Amino acid sequence: MRCNRLLYQDKGFVYKLLPVLVSLSLVAVLVVMSAGFFRAFRQRDAVSQLTREYLLVMETEGYLSQARQEELLISLEEAGLEQISLEGTTLFPVSYGSRISLCVNGVLPQEFLGQYGMTWELPVSVRLSSTAKQ
């Protein structure tokens with residue numbers, strides 16, 4: 001008797017379970033995608049933090065020296081930034097109280113599901129300015 005009941009269950013059972021399975025699948029995809037997006041924002045914050053640190057150094061030195069420029073470029077590459085441009089940055093010594101600026105432009109390449117998944121580039125542009133305090 002019990003076997004007969006299992007064999008002749010309501011035919012709509014699969015259709016009742018289908019929305020739940022689809023919803024769970026979509027939630028899993030959204031969780032994976034959001035992890036990738038949060039990684040991109042974390043990298044962007046790291047670039048902003050590096051830029052702020054080097055602006056503080058520039059305040060005391062009055063400009064971004066060649067040695068500091070090389071250090072900054074290496075640090076930015078380690079943070080994942082590519083196609084780096086420092087155009088608009090104060091690269092020559094200025095006097096006390098003069099305006100100094102640090103401009104960093106580049107892109108952060110992003111991958112979703114590895115090299116065979118979706119890829120995109122997150123453009124980054126950080127422009128900071130202060131006064132020389134040397």
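All figures in this text were calculated on a predicted structure; none of them were measured in a lab.
Between Leu50 atom CG and Leu76 atom CG the span is 5.5 Å, to the nearest 0.5 Å. Distance OG/Ser129 to CZ/Arg99: 4.0 Å, rounded to 0.5 Å. The OG atom of Ser65 sits 9.0 Å away from atom CD of Glu70, with the distance rounded to the nearest 0.5 Å. Between the CD atom in Glu61 and the CG atom in Leu56 there is a gap of 11.5 Å [rounded to 0.5 Å].
Counting heavy atoms from C-beta on, the side chains of Val107 and Leu122 never come closer than 4.5 Å. Annotation: side chain of Glu71 is in contact with side chain of Tyr54 (closest heavy-atom distance under 4.5 Å).
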task: With side-chain contact (heavy atoms from CB on, under 4.5 Å) as the test, would you mind laying out the steps for Leu72 and Leu102 before giving the verdict?
output: CA-CA 11 Å; Leu72 175 60; Leu102 178 57; 4.0 Å; yes
query: Would Glu77 and Leu81 count as a side-chain contact (heavy atoms from CB on, under 4.5 Å) if you check the C-alpha gap in whole Å, the side-chain angles of each, and the deciding distance to 0.1 Å?
result: CA-CA 5 Å; Glu77 286 174 356; Leu81 195 64; over 6 Å; no
message: Before you tell me yes or no, could you show the steps for Glu82 and Leu108 under side-chain contact (heavy atoms from CB on, under 4.5 Å), namely the whole-Å CA-CA distance, both residues' side-chain angles and the distance that decides it to 0.1 Å?
response: CA-CA 6 Å; Glu82 294 181 357; Leu108 287 170; over 6 Å; no
Step-by-step side-chain contact (heavy atoms from CB on, under 4.5 Å) determination, Arg127 to Ser101: CA-CA 7 Å; Arg127 299 182 191 287; Ser101 60; over 6 Å; no
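Following chains of ILVMFWY side-chain contacts shorter than 4.5 Å, one cannot reach Trp120 starting from Leu30, and the two form parts of different hydrophobic clusters. Linking Ile, Leu, Val, Met, Phe, Trp and Tyr whenever their side-chain heavy atoms come within less than 4.5 Å leaves Leu86 and Ile74 in two separate clusters. In the hydrophobic clustering of ILVMFWY residues, with side-chain heavy atoms under 4.5 Å counting as a link, Val22 and Val31 come out apart.
Of the listed residues (Thr89, Val94, Thr90), just one forms a side chain to side chain contact (heavy atoms under 4.5 Å, CB included) with Tyr63, and that residue is Thr90.
Between Ile100 and Gly62 the shortest heavy-atom distance is CG2-O, 3.5 Å. Here the shortest heavy-atom pairing between Val47 and Thr51 reads O-OG1, 2.8 Å. The minimum heavy-atom distance linking Gly80 with Gln43 is given by the pair CA-NE2, 4.3 Å. Arg39 and Pro109 get closest at one heavy-atom pair: NH2-O, 4.2 Å. Smallest separation of non-hydrogen atoms from Val57 and Arg68: CG1-NE, 3.6 Å. Taking every heavy atom of both residues into account, Arg44 and Ser125 meet most closely at NH2-O, 3.8 Å.
Side-chain contact annotation: Arg52 with Ser48, donor-acceptor N/O pair under 3.5 Å absent.
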